[in-house]
Amino acid sequence: MQARSRLCWYEGRLRPLGEIQLASLPLAGLLYGASVFTTLRVYGGHLDHPQTHWLAHCDRIADSLQTFGWPQPDWAQLYQGCIALLIHFDVLRMAVFPDGQVLVTGRSLPPDLAVAQQQGVVAWVADQLAYRRSLPTHKTGNYLDCWLALQAAQRQGAREAILVNDRQHWLETSTGNLWGWKDGHWWTPALSAGILPGIMRQQILNGLSRLQQPIKQIDWATELISQFEALAYSNCVNEILPIRTVLCQSTKLGYDPNHSGFEALREAQLPNPRF
């Protein structure tokens, strides 16, 4: 396992991470976190499995590269690298640097994922003055604020951090998008609040629409948050994780991790059965 975890794809071939020379990495990536990345979960051992969302992940990278004026990578080579790594890993991280160079790494799923999905997790509300994600609509290598918020949350005994703005509106977690249930349907923060347009978020929105389930996309003020019966966050690795407790300053907010509303949310995350 240890040797396997050190494998990566770089400069067009599979190699141990330890073989990569510091001088070979793009300087802007090292100095400024100048890269764009995406993290995908491989289902069924195939990139073309509908739940892997391969094309959506590639589109995410391509759109950010176009916005930044960076060259597109060799997509065939990137695909080849992912194929080489998916036999070793459940989760792949694809990063592209400003010169078009590609680094693909892998990891396993969290060992307690099934338990967390069933029992729910604890989240901690971060201080907005300390943690602000740069370029929130893109996944860039400058992810320090999210990482620091996550470390702070874990020191509080929580699994996740919830990021907020200067009005204390909840935005997203350090690794995913938020969902809340009230008035018989699901709510999620609007993209206009300055959050990442998550691939799993969009899949769930499409699925809820297909199921003719109403969904509200608005800013999450304190009054709204206090009315939620159930709470969750989503990303492509963990799918949907219920949040049972939120540590918010000196108070705790409790939510039902087994709420009946999760049935629709979990069904919505699945690809359209017609395809």
Side-chain angles (χ1 to χ4, degrees), residues 1-43 45-49 51-109 132-151 174-176 195-200 202 235-237:
M1 177 66 75
Q2 187 177 14
R4 187 185 72 171
S5 66
R6 293 174 179 168
L7 288 174
C8 71
W9 179 272
Y10 187 65
E11 294 184 325
R13 66 185 179 91
L14 193 66
R15 60 173 71 189
L17 271 170
E19 281 189 6
I20 298 178
Q21 299 296 316
L22 191 64
S24 71
L25 293 169
L27 188 59
L30 291 172
L31 294 180
Y32 313 116
S35 66
V36 297
F37 77 94
T38 190
T39 305
L40 61 89
R41 175 174 171 177
V42 180
Y43 287 82
H46 299 287
L47 294 181
D48 59 357
H49 190 288
Q51 284 181 267
T52 301
H53 301 298
W54 169 254
L55 292 180
H57 285 281
C58 291
D59 287 345
R60 161 184 278 171
I61 290 177
D63 290 346
S64 292
L65 294 175
Q66 183 176 17
T67 298
F68 298 156
W70 298 352
Q72 300 290 324
D74 183 331
W75 290 104
Q77 187 185 102
L78 188 151
Y79 183 88
Q80 182 183 358
C82 290
I83 290 294
L85 282 171
L86 65 78
I87 63 174
H88 301 287
F89 303 106
D90 303 305
V91 179
L92 302 179
R93 183 186 189 273
M94 307 185 296
V96 181
F97 296 99
D99 61 356
Q101 189 62 266
V102 170
L103 173 65
V104 185
T105 55
R107 68 176 190 263
S108 300
L109 289 170
R132 288 195 174 195
R133 194 158 68 84
S134 64
L135 300 173
T137 59
H138 299 276
K139 294 197 77 168
T140 72
N142 184 8
Y143 231 59
L144 181 59
D145 275 3
C146 287
W147 185 82
L148 289 174
L150 185 58
Q151 302 308 301
S174 61
T175 66
I195 64 172
L196 183 73
I199 291 172
M200 180 57 72
Q202 189 58 54
N235 60 40
C236 286
V237 175

J.: Find the distance between CD (Q80) and SG (C82) and round it off to the nearest 0.5 Å.
T.: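 SG of C82 is found 10.5 Å from CD of Q80.
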J.: Looking at side-chain heavy atoms only, is the closest gap between T38 and C236 below 4.5 Å?
T.: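 No - every pair of side-chain heavy atoms lies 4.5 Å or more apart.
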J.: Do L103 and I20 come within less than 4.5 Å of each other through their side chains, counting heavy atoms only?
T.: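 Yes, their side chains come closer than 4.5 Å.
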J.: Report yes if some heavy atom in the side chain of H57 is under 4.5 Å from a heavy atom in the side chain of L47; otherwise report no.
T.: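 In short, these two side chains do not touch, never coming nearer than 4.5 Å.
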J.: Let's go through W75 and I61 carefully: what are the C-alpha distance in whole Å and the side-chain angles of both, what is the deciding distance for side chain to side chain contact (heavy atoms under 4.5 Å, CB included) to 0.1 Å, and is it a yes or a no?
T.: CA-CA 11 Å; W75 290 104; I61 290 177; 3.9 Å; yes
J.: Calculate, to the nearest 0.5 Å, the distance between atoms CZ and CG belonging to R41 and L86 respectively.
T.: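 Interatomic distance, R41 CZ to L86 CG, rounded to 0.5 Å: 14.0 Å.
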J.: For the atom pair CG (N142) and CZ (R133), what is the distance rounded to the nearest 0.5 Å?
T.: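 Going from CG on N142 over to CZ on R133, the span is 10.5 Å.
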J.: In terms of ring plane angle, is the pair W54 and Y79 parallel, tilted or perpendicular, where the classes change at 30° and 60°?
T.: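 Rings of W54 and Y79: perpendicular, over 60°.
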J.: Could you walk me through whether M94 and L40 pass the side chain to side chain contact (heavy atoms under 4.5 Å, CB included) test, one step at a time?
T.: CA-CA 8 Å; M94 307 185 296; L40 61 89; 3.9 Å; yes
J.: If I take atom OG from residue S24 and atom CD from residue E11, how far apart are they, to the nearest 0.5 angstrom?
T.: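 S24 OG to E11 CD: 5.0 Å, rounded to 0.5 Å.
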J.: Can you measure from OG (S35) to CG (D99) and round to the nearest 0.5 angstrom?
T.: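 It comes to 11.0 Å.
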J.: Any chance CZ of F68 has more than 12 other-residue heavy atoms, nucleotides or ligands included, within less than 6.0 Å?
T.: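 Counting other residues, nucleotides and ligands, CZ of F68 exceeds 12 neighbours.
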J.: Looking at side-chain heavy atoms only, is the closest gap between D74 and V102 below 4.5 Å?
T.: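 When only atoms from C-beta onward are counted, V102 and D74 do not touch, as no gap falls below 4.5 Å.
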J.: Any chance you could lay out the side chain to side chain contact (heavy atoms under 4.5 Å, CB included) test for Y10 and E19, step after step, and finish with the verdict?
T.: CA-CA 10 Å; Y10 187 65; E19 281 189 6; over 6 Å; no
J.: Before you tell me yes or no, could you show the steps for V96 and W70 under side chain to side chain contact (heavy atoms under 4.5 Å, CB included), namely the whole-Å CA-CA distance, both residues' side-chain angles and the distance that decides it to 0.1 Å?
T.: CA-CA 9 Å; V96 181; W70 298 352; over 6 Å; no
J.: Should we say atom CD of Q66 is surrounded by more than 12 heavy atoms from elsewhere, each under 6.0 Å from it?
T.: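 No - once you tally the heavy atoms of other residues, nucleotides and ligands closer than 6.0 Å, there are 12 at most.
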J.: Measure the CG-CG distance between D90 and L109 for me, rounded to the nearest 0.5 Å.
T.: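 One finds 4.5 Å between CG of D90 and CG of L109.
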